[in-house]
Amino acid sequence: MQPMPLPQEMAKTYDAAAIEQPLYRWWMERGYFKPRIDPALKPFVISMPPPNVTGVLHLGHAITAAVEDALIRYHRLHGRPTLWVPGSDHAGIATQNVVERELAQEGLTRHDLGREKFIERVWEWKEIYHRRITEQHYALGVSCDWERERFTMDEGLSRAVREAFVRLYEDGLIYRGAYLVNWCPRCGTAISDLEVEHEDEDAHLWYVRYWTPDRTRSITVATTRPETIMGDTAVAVHPEDERYADLVGLEVVLPVIGRVIPIVADEAVERAFGTGAVKITPAHDPVDYEVGQRQGLPSINAMNDDMTMNAAAGPYEGQDRFECRANLVRDIEAAGDLIKIEQLRHAVGHCQRCHTIAEPRISTQWFVRTAPLAAEALAAVNEGRIRIVPERFERVYANWMENIRDWCISRQLWWGHRIPVWYCDACGAELCAREDPTTCPKCGGALRQDADVLDTWFSSGLWPFSTLGWPDATPDLAYFYPTSVLETGYDIIFFWVARMIMLGLRMTGEIPFDTVYLHGLIRNEEGKKISKSMVDADRYDPLLIIAEYGQDALRYTLLTGSTPGNDMKLAISRVESNRNFGNKLWQAARFVLGNLGQDPAAFTPPATLDPATLTNTADRWIISRFHALIAEVDRLFAAYQLGEAGRQVYEFIWGEYCDWYIEMTKVRLRGEDAAEADRARQVLVYVLEGCLKLLHPYMPFVTEAIWQYLPHRGEALIVADWPQGGARDEQAETDLAALMELVRAIRNVRSEYEVEAARRIGAVIVAGERLPFMVEQREAFLLLARVDPERLTLAATLATVPEQAVSLVVPGYEGYLPLAALVELAVERERIAKQLDELAAEIARSGKLLSNQGFVAKAPAAVVEREQAKMVELQERHARLLERSQALG
């Protein structure tokens, strides 16, 4: 078993590159990522959204990893059995496209290889890229159980996919038929509505005249896709449109083609669009398809799979759809039936994978009847059995579920789960089976399997339970299912989340998870989407960021810079700043360790420390504040406000523990009272060790490394106990808060008077009932405020107010800082006089400009407002300086 990969002595600075990967390997080798199963405890389980095996991980994967790992580490520290199931997705279309591009570079197509050899080639490619993705996840520091890693096409998950398909088929929830689908000619397959991205583009609206057969009357329609005229089976008008009332029931002739079609009335027609008359092409438009169903119109598919025109296109057969468009428009214009062309900007659907313009077309496909499944899935959220974070997405989810369409699940691909349906050409039988059949059970004839594969999202929809062994009743399925949290981007709530809920309920009878946590997208500093085409795209490569700043810095930035469901702007400067925070923590730990003396183990922290047992107010204050922080972090984690929880831990460590408490203990650590020094050491270690636990879900590496150097109980921070918290001391918190305000006020005066940092000043502090507290903290106050002990006066009351002194008004205190102790009076008078003259000149210049009516009337409003704000600021500065000048006498 590997020893802990740390040097005996803490280095002067934290070196992420030297610590992170060796520490990660040590965690894995020690088995800390595996759940510690306890039948008496409810486990906390996350199924990792499986990344596609199509390339490298990006910032979207990094934030997923950061959020999920933070949740896993948090619950592991709370002693819950935690399981994080890793895995990857075969990504049907995306992966096949990538491998086909590789083949193209060799001058080959998949058809040259044949189906079997092509699939072998994809498996080879998958093995290479799967290893890379796993290694990249190691680099992200994810603490998932790698022994349970799954792939959507491994043997167990493939069996789960077939079982789910057969069950749905047997229940009548899967059917095959010719319906309108979205077709990508580049991918050569049907794609779902969710896989079509609509983008606004400049286009044309062609107005085409259709004549009656005797050419005595005509009707003009407007279309954005003239090439689909070949599939027209009617012209439609609104039944209440008086312009066309006498034309309904007549027939017209398709331009060029010459086929006769009817004019029908249908309420789907928008009277304000174009001429109010529209061509109806049921085989190539979703609205027209519905009209065709109502009107009993035939559907004529005018295009081949590759979007070349078929025999229905007559003289344009074999032409590409856009070539046909140009030629048809030319011929219509030559016939005198092109009335006009208008410019138009409208949404055009593109394939999400390859960005090719998708074409609606009639095609024979496999579908899932989603309405019965959606009803159950909608009820699970509406009844509160599944919670969506943030809550506003529950309405988005409900809207989609209430208007859901049947899901086209077949794809005309080779890579993927092949549809488990066989056909007998001899007797026409159709067989859906869990095991591959050899002959037709009806006639004994030969069988051929359906050539299509399933939509990738079908197998992904089974992910939470298929990865645990379903359909078998495995111990993992019994103990770890339902899972706890499904964390993913809000952009795939319909692609994946909804389908997991539908299939989980249908297949297992239980919800697949009780909480859905949705994170937003990562954008650059200007709020733009990060893409490979950006000039500085490499700046946002998570692996390069980690190489420069470390995993902890990136993780902490992603976690604290985002809120559920909202996009975040990533500034690399923030990653750098958070790396510095890690080093600040390292330096604080070095200070603590350096002051523990010869027997550090004597200060091993207890499970909790009651502030009432301590005599020093500063000790009681920091413990009370630490206990309050523990409770607040727990509350925020329960509300999935991970960003705010992380920010509060940061503020406590840097703003209270390091900047105040450590500084206050220096006097006692250097003093002659050994017992008092030991009490400070005890509190320093207790609070620091607890802070490491609170910060561990955000910055696991630096916290584990520091924890190993500190006196501690147990073998590793990753499996230690979450801090218990305990009693509060509100009086100590109030007293220290007032003291800190007093010190800040003195520091502000020092800054305003430009007092050198090393210079000790005088002070008169009227403390009232807090005098005993100020006496107790006298040495700490002298250090923090840089006050000369010989010139400090502490009193409960004051008979006379010092002359020529800066007065401080702080809740609970009066303070006076003699000017003579702050500055050389003569030099200060001269400096202020010079500044007053400079300010007076600037005020005069600004006043002259603002009194110029030409400037006020003609300059942009923003410029005038800036100048007015500048004048106010100058006048305020002048007033403050004048007050100081008068105080100097």
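All residue numbers refer to positions in the sequence shown, counting from 1.
Ring pair Tyr709/Trp586 is perpendicular by interplanar angle, where above 60° counts as perpendicular and below 30° as parallel. Between Tyr650 and Tyr556, the ring planes are parallel. Angles under 30° get that label, and only those over 60° would be called perpendicular.
Asp610 pairs by the salt bridge (Lys or Arg N to Asp or Glu O under 4.0 Å) definition with nothing, not counting sequence neighbours. Residues satisfying the salt bridge (Lys or Arg N to Asp or Glu O under 4.0 Å) test with Glu838, not counting sequence neighbours, are none. With sequence neighbours excluded, no residue satisfies salt bridge (Lys or Arg N to Asp or Glu O under 4.0 Å) with Glu776.
Using a cut-off of 4.0 Å between Lys/Arg side-chain N and Asp/Glu carboxylate O, Arg647 and Glu651 are scored as not salt-bridged. Salt bridge present: Glu632 and Arg635 bring a charged side-chain N and a carboxylate O closer than 4.0 Å. Ionic pairing of Arg679 and Asp619 is not present here: no N-O contact between side-chain nitrogen and carboxylate oxygen is shorter than 4.0 angstrom. Ion pairing of Asp599 with Arg681 is absent here, as no side-chain N (NZ or NE/NH1/NH2) approaches a carboxylate O to less than 4.0 Å.
Cation-pi contact between Lys666 and Phe591: present, with separation from the ring centre below 6.0 Å and deviation from the ring axis of at most 45°.
Contact annotation: the side chain of Ile706 never approaches that of Leu717 to less than 4.5 Å [non-hydrogen atoms, C-beta and beyond].
Once rounded to the nearest 0.5 Å, the distance linking CG of Leu688 with CZ of Phe603 reads 14.0 Å.
Checked by atom type, the side-chain pair Glu733/Ser624 shows a donor-acceptor distance below 3.5 Å. Side-chain contact, Arg620 with Thr617: a donor N or O sits under 3.5 Å from an acceptor N or O. For the residue pair Glu704 / His696, no side-chain donor-acceptor distance below 3.5 Å is found, with atom types taken as modelled.
Screening Tyr657, Tyr686, Trp621 for a ring-ring contact (aromatic ring centres under 6.0 Å, His included) with Phe626, the sole residue that qualifies is Tyr686.
Considering every non-hydrogen atom in both Leu518 and Pro390, the closest pair reads O-CD, 4.0 Å.
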